[in-house]
> 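Let me give you the structure first, and then I'll get to my questions.
For the numbers below, each heavy atom of this structure counts, side chains included, while hydrogens, waters and symmetry mates do not. Naming convention: chains lettered A, B, ... in sequence-line order (proteins, then strands); numbering from 1 in each chain.
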Amino acid sequence: MKYDDKLVPILEIDTEDNMFRLSLEPDPNSLIAAIQSVGLINPPVLRQKEDLRYRIVCGFRRISACRHLGWHEIDVRLVVGDVSELDLFELAILDNRSHRAISVVEQARGIQKLEPYIPSENRLETLASLLGFPVNKKVFQKIRALGRLPEPVLAEVLNNTLSFEAAVHLCPFSPKEALCFLDLFKGLKLSQNKQIEIITLVQEIAMREDLWIKKVLQSSDIKSVLERPDLNRNEKGSLLRAYLKRRRFPALAKTQERIVKALKALRLNEHVHIIPPPYFEGGPYTLRMTFKNQDDFSKRLKTLDAIAKNPDLKKVLEPY
Amino acid sequence: MISRLYIDEKVKDEPAALTIQERLHTIPATVVTDASRVHEALADSTDPVAQGKRVLFLTRNRGPFLRKCPGTRSYICCGYHILNIGTYCTMDCTYCILQAYFHPPVLQYFVNQEQLYNELDHLFSLKKPPFYRVGTGEFTDSLIWEPWTELSKTLIPYFASQDRIVLELKTKTSAVGNLKCITHNKKTIVAWSLNPPSIIRSEEHGTASLKARLAAAAQCEAWGYPLAFHFDPLIIYKDWENDYRQLVRELFATVSSKNIVWISLGSFRFMPSLKQIIRKRFPKSKIIYGEFIPGLDNKMRYFKPLRIEIYKKMVAWIKELAPDVVVYFCMEDEEVWKETMGFVPKDRGGLPKMLDDSAARFR
């Protein structure tokens, strides 16, 4: 590739042209001080367009920082001669990768932009090598799917508010719906699995009840949980999940509530536990008993005897 | 519609393979030495599950044609035997387990039929057990193959030649034309899976309408065949009570309960891996959003009280119109039987015996 080193007026650089941009809207703050102190060490790479303005290939943040500093002109490396768009994309990616690992969001955007240029036979291998992800079809599909998400959602993947896997689960939704989920997650502190659980529950409730996702997320029950000042973000997350599960599985939830009541009525203590079979589908109940000595053991037997005579035991054993 | 035919080189000269090739002569055919060639062709498709319905692979059954239905220890099994004539289906039911069961799912028809009839001869020669129920509709629909194979024209008379074993042909088609004028000796039971028209429209793509299925059943009844019906999968949705009640009424308005060997009830259940397939292939379908819990066999099932509710009502509606017909559950536990029927199969000698006895009545 051939370059001309040149000084170009910043106003002639088309900063709205994002063809080769992989990162989200650049934050120039970290660079401003450095450039102010030592100047622009590594000039951005540009390509002249047909309208004679310049398209940025590498150096979006550097140019943004220079604009913030009030510069009118900037030293650049101008790509000249016959160079394909694919070569310029490769240059943009390699420039990024030369000084840092590129993020999953950049990989997603890279896939989106480069896919049309690469033949399908070796697309996975080429993109994996260029963008630095494993040669694995499932991983590729997940990263590629992220490209469909709106920028604010992607930004929160980078901020770790939203996990990568949860973001992948948001891909089938419309941008508006994905943003609704994002608003919810910003107010909570949830692990990856819990984020995925909430996405799944909300989506399934919407399907069951013929509602829009937004309608489910803005229901008064959810709002009242989120607006409770006495709860921290973890507690709100737990309450929200419990509410969604009750709404998604109403019959199961009712049975579980009945069982909890019936177990309370048995007045079990911390040494004796009765555990119903999973989902009450069948199979044995489990009795767990702890004791330290023979005296303890005799006491537990008396407790068990009392439980056996308690009419509420039937309610536990016949839950529906 | 079949758009591509593959033929396993090892069976290309089998009579059944030659007949099918002749009947499908307008369709491009390729002889392959290895099944992987067919699988590779499917893997390139954007929807291999759908593509597998349009590709027919004529091959040989490497295992036995006859095998016991696997069942599970946790639920009561009817002791059925599968006659494995082929795999997969040309119809496209949302809930079809075959989408997740075969990897990849592809229409395969087994043409090494000498082995099939040898196995049947062996079965027919056995003295024990006293009765046997065999069906072709577990890994495929029994009658989709008729236009290309006319299998029933050979299979039905074969079963008619003995008196101890019944063949059940289970279908969602109305393709019964080949069953006319065949000696069946009441040893072939023609069976239909039934669901209300709204479920057929939304979930049973490419199948015959309810009207057509019932008309085909009435036709088979007129030809003297014993009949069976399977309300499986029962699906719980907003209007299920009205729709299933009406369905039961329509059934008994069309055929006589005296000619029904058995009716089975089975609520929708699925391997967990099917959920993602349904979500992807049928995004508008709501059937996976019922209250499903993991069953003892690791399949997802409706929460038990919901199953009991739908079963109780179905049994009551059936018994109201056909008090003597044998109704049974496919893969349910004793609690469900007791709650809905008031007895458990072992009180009556076990479910296999109940069904064998019912089949034996039709002589």
> What part of L306(B) is in contact with chain A, defined as an atom under 4.5 angstrom from a non-hydrogen atom: side chain, backbone, both or neither?
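Just its side chain gets close to chain A.
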> Looking at R109(A) and E151(A), is any side-chain nitrogen of the basic one under 4.0 Å from a carboxylate oxygen of the acidic one?
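Looking at R109(A) together with E151(A), the answer is yes, because their closest N to O distance falls below 4.0 Å.
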> Is there a ring pair (Phe, Tyr, Trp, His ring centres under 6.0 Å) between Y311(B) and F329(B)? Walk through the geometry before answering.
CA-CA 9 Å; Y311(B) 289 149; F329(B) 297 117; 4.5 Å; yes
> Quick one: does L5(B)'s side chain get under 4.5 Å of F57(B)'s, heavy atoms only?
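No, too far: nothing below the 4.5 Å cut-off.
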> Less than 4.5 Å to any heavy atom of chain A: does that hold for the side chain of I288(B), its backbone, both, or neither?
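Contact with chain A: backbone only.
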> Considering only heavy atoms, which portion of P283(B) lies under 4.5 Å from any heavy atom of chain A: side chain, backbone, both, or neither?
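Only the backbone of P283(B) comes within 4.5 Å of chain A.
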> K238(B) versus chain A, heavy atoms under 4.5 Å apart: side chain, backbone, both or neither?
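The answer is neither part of K238(B).
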> Let me know if T200(A) has heavy atoms under 4.5 Å from chain B in its side chain, its backbone, both or neither.
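Just the side chain, heavy atoms under 4.5 Å.
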> State whether K215(A) and D210(A) are salt-bridged, where the test is any N-O pair (Lys NZ or Arg NE/NH1/NH2 against Asp/Glu carboxylate O) under 4.0 Å.
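Salt bridge: no.
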> Examine whether an atom of Y237(B) lies under 4.5 Å from a heavy atom of chain A, and if so say whether it belongs to the side chain, the backbone or both; otherwise answer neither.
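Contact with chain A is absent: no heavy atom of Y237(B) under 4.5 Å.
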> Shorter than 4.5 Å, heavy atoms on both sides: which option in E334(B), R301(B), E335(B) has the most such pairs with chain A?
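Answer, by heavy-atom pair count under 4.5 Å with chain A: E335(B).
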> Any salt bridge between E241(B) and K313(B), counting N to O under 4.0 Å?
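Counted as a salt bridge, because a side-chain N and a carboxylate O are separated by less than 4.0 Å.
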> With a 4.5 angstrom heavy-atom cut-off, could you sort out which part of P319(A) is near chain B: side chain, backbone, both or neither?
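P319(A) has no heavy atom closer than 4.5 Å to chain B.
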> Give, as side chain, backbone, both or neither, the part of Y279(A) having an atom under 4.5 angstrom from any heavy atom of chain B.
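Both parts, backbone and side chain.
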> Could you tell me whether R281(B) and D92(B) make a salt bridge, using a distance below 4.0 angstrom between a side-chain N and a carboxylate O?
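D92(B) and R281(B): salt-bridged.
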> Which region of S285(B), side chain (C-beta onward) or backbone (N, CA, C, O), has a non-hydrogen atom less than 4.5 Å from a non-hydrogen atom of chain A, or is it both or neither?
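Contact with chain A: backbone only.
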> Would you call R279(B)-E204(A) a salt bridge at under 4.0 Å N-O?
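Here R279(B) pairs with E204(A) in a salt bridge, since their nearest N and O are under 4.0 Å apart.
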